[in-house]
Asker: 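Dumping the structure here so I can ask a few things about it.
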Amino acid sequence: MAAIKRAASLVRAVQVVSAGGPFQIVEREIPEPGAGQVRIKVQACGVCHSDALVKDGTWPGLQYPRVPGHEVAGVIDALGAGVSAWTQGQRIGVGWHGGHDNTCPHCRRGDFFNCRNQKVAGISYDGGYQEFMIAPVEALVAIPDSLNAVEAAPLLCAGLTTYNALRHSGACPGDLVAVQGIGGLGHLGIQFAARFGYRVAAIGRKPEGATLARRLGASLYIDSESERPAEALQRQGGAQVILATAPSSKAMSQLIDGLRPNGKLVVIGLTFDPIEVLPVQLIAGYRGIQGWAAGTPADADDTLRFAEQSGVRPMIETYPLERAAEAYARMMSGKAEFRVVLTM
Ligand SMILES: [Zn+2]
Ligand SMILES: [Zn+2]
């Protein structure tokens, strides 16, 4: 391909032109940060299943064209007016939580993630599928020195979600915790659960999953094709927590009987059909079902620091920015092992 000579101020971005439309690589003027914002020189951006909300147009009211990407790692390239807590050249990231208003009823109670005017990076404004991105300071996460950008990126959504869901699940060290699905979320969930001191059961769909599950930290592997996971968990006394990561409501429904009394099914795999449960399954043994979504940039700080300290790392496949369409297709195929990351 012939090299395109571009003006110094033009930078590359990959945008979705319309709902259901293709990815398009464009050159644009380098953006300028406004008050309370920074410009990020993006080094890596994870490709997350939620980017389908932009690609398919399933996020209500989304404005096109839009640059997706909410697993962004890079360095601060320029500071907008009034930014004092961050410095030029600092290594930072941006995850799903792309900003909040500090004034709504939920923010007033410190629950920033549930802000009524929450902004989402790559949805409310252009995200990380580009060389330079603008973000508000309340969305920033500091990246520890020992994590490189490619490793840090998937930790800002997939890592944060599994880490935060597990640490708020109520499970204590030594408890049996099951992680259903060994994919983009599950392979991180198993690692975090093991580092938290849980006894980890990994639930996969083929016998070959056992070796990887053990390497990630699981002490027990359940092949859901050859045995019923709920029964296998009950033979171990039942799970205190089951982290459901694979997007199958049917599989999730079949897990509930694997909980021990007071146990909880924590749902992070996004599906659009119902989980089926009889009231008696919940009433007997006070069992519960809870959903969990990512977390704030402060939670992401904790995720990165814990990953640094404990050695939790994502398994990744990298693609250069100009191959974003191929990278996205690979992620959507479900065959990537396990997170797809764009590099700039
Ligand atoms: Zn995501
Ligand atoms: Zn708010």
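Order of listing sets the numbers, starting from 1, for every ligand and every atom in it.
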Asker: Testing the 3.5 Å rule here: is there a donor-acceptor pair between the side chains of Thr343 and Thr318?
Answerer: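 The criterion, which ignores hydrogens and geometry beyond distance, is not satisfied for Thr318 and Thr343.
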Asker: Between Pro31 and Arg39, which heavy-atom pair has the shortest distance, and what is it?
Answerer: O-NH1, 2.9 Å
Asker: Looking only at atom types and distance, does a side-chain atom of His168 sit under 3.5 Å from a main-chain N or O of Ala165, one as donor and one as acceptor?
Answerer: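 Checking the backbone N and O of Ala165 against the side chain of His168, no donor-acceptor pair under 3.5 Å is found.
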Asker: Is His100 close enough to the Zn ion (ligand 2) to have an N, O or S atom under 2.8 Å?
Answerer: no
Asker: Between the Zn ion (ligand 2) and Asp101, which N, O or S atom of the residue is the nearest one?
Answerer: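 That would be atom OD1.
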Asker: Is His70 close enough to the Zn ion (ligand 1) to have an N, O or S atom under 2.8 Å?
Answerer: yes
Asker: Do Lys55's NZ or CZ and the ring of Phe23 fall within the cation-pi criteria of under 6.0 Å and 45°?
Answerer: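 That pair qualifies as a cation-pi contact.
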Asker: What I want to check is whether the side chains of Gln130 and Arg28 have a donor and an acceptor closer together than 3.5 Å.
Answerer: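 Yes, side-chain donor-acceptor contact under 3.5 Å.
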Asker: Is His106 close enough to the Zn ion (ligand 2) that one of its N, O or S atoms comes in under 2.8 Å?
Answerer: no
Asker: How wide is the angle at the Zn ion (ligand 2) spanned by Cys107 SG and Cys104 SG, rounded to 10 degrees?
Answerer: 120°
